[in-house]
Amino acid sequence: MDYCKTSELIPAKWSSACYLVKPDYKRLLVSIDTYGILSPIVIQKNGTIIDGYHRWIIANEMKIKKVPVAVVNCDDVEAMRPTGHSEQA
């Protein structure tokens, strides 16, 4: 598994239809605080976040310096597709 500095990651320019309501956000925060980030943040080679935006936000809030990442080789159009990155990870 690769790791990347949290500060080097960039939120995607496109907006996701996925969001977390407050209770789920708190559960994710507690989980990361207890166990760490278990699923890598999926990013493009340039550091753009494809999947894992909320994990990245929480990592920043908790001042986590490095996070696990899975780097995929895809363009923005492919990254925006719901399953566009899963075959290349």
Side-chain angles (χ1 to χ4, degrees):
M1 183 177 311
D2 293 326
Y3 285 81
C4 187
K5 290 181 182 177
T6 309
S7 61
E8 293 177 353
L9 301 181
I10 312 159
K13 294 176 245 175
W14 59 87
S15 62
S16 171
C18 182
Y19 63 92
L20 284 179
V21 292
K22 212 169 218 174
D24 291 336
Y25 187 84
K26 286 184 179 182
R27 280 190 210 111
L28 181 58
L29 190 135
V30 168
S31 174
I32 290 173
D33 189 39
T34 304
Y35 305 108
I37 297 177
L38 301 176
S39 297
I41 296 171
V42 180
I43 62 171
Q44 291 174 292
K45 287 182 177 184
N46 66 1
T48 299
I49 299 168
I50 298 172
D51 184 42
Y53 175 76
H54 295 101
R55 283 172 270 156
W56 175 72
I57 289 290
I58 290 171
N60 278 304
E61 288 176 3
M62 297 177 71
K63 304 202 184 327
I64 297 172
K65 302 268 187 227
K66 289 189 174 185
V67 293
V69 296
V71 182
V72 295
N73 183 19
C74 65
D75 61 23
D76 288 350
V77 173
E78 204 169 15
M80 284 187 274
R81 293 189 356 221
T83 58
H85 61 80
S86 62
E87 296 169 3
Q88 297 183 11

Q: With the side chain counted from C-beta on, respond yes when Ile50 and Cys74 share a heavy-atom pair under 4.5 Å apart, and no when they do not.
A: yes
**Q.** Backbone of Ser39 reached by a side-chain donor or acceptor of Arg55 within 3.5 Å
**A.** yes
Q | Pairwise side-chain contact, Lys13 with Asp76, heavy-atom cut-off 4.5 Å (strictly under) | A | yes
Q: Might you point out which heavy atoms bring Ile49 and Ile43 nearest each other, and give the distance in Å?
A: CA-CG2, 4.1 Å
Q) Taking atom CG of Leu28 and atom CD1 of Ile57, what is their separation to the nearest 0.5 Å? A) 11.0 Å
Q. What's the spacing between Ile10 CD1 and Trp56 CH2 if we round to 0.5 Å?
A. 9.0 Å
**Q.** Between CD1 on residue Ile37 and NZ on residue Lys66, distance to nearest 0.5 Å
**A.** 13.5 Å
(Q) Count I, L, V, M, F, W, Y as connected when their side-chain heavy atoms are under 4.5 Å apart, and connections chain through other members. Are Tyr53 and Met62 then in the same cluster? (A) yes
(Q) Testing the basics here: between Cys4 and Val69, what is the closest heavy-atom pair and its distance to 0.1 Å? (A) CB-CG1, 3.8 Å
Q: Find out whether Asp24 and His54 are in side-chain contact, i.e. whether some heavy atom of one side chain is under 4.5 Å from a heavy atom of the other.
A: no
**Q.** Nearest-0.5 Å distance that lies between atom CG in Asn60 and atom NZ in Lys65
**A.** 10.0 Å
Q: State the CG-CE distance between Asp75 and Met80, to the nearest 0.5 angstrom.
A: 8.0 Å
Q. When rounded to the nearest 0.5 angstrom, what is the spacing between CD in Glu61 and CD1 in Ile64?
A. 10.0 Å
Q: Specify the closest pair of heavy atoms between Thr6 and Ala59, including all atoms of both residues, with the distance to one decimal.
A: CG2-CB, 4.2 Å
(Q) Apply the hydrophobic cluster definition, ILVMFWY joined by side-chain contacts under 4.5 Å directly or through others, and give me every member besides Met1. (A) Tyr3
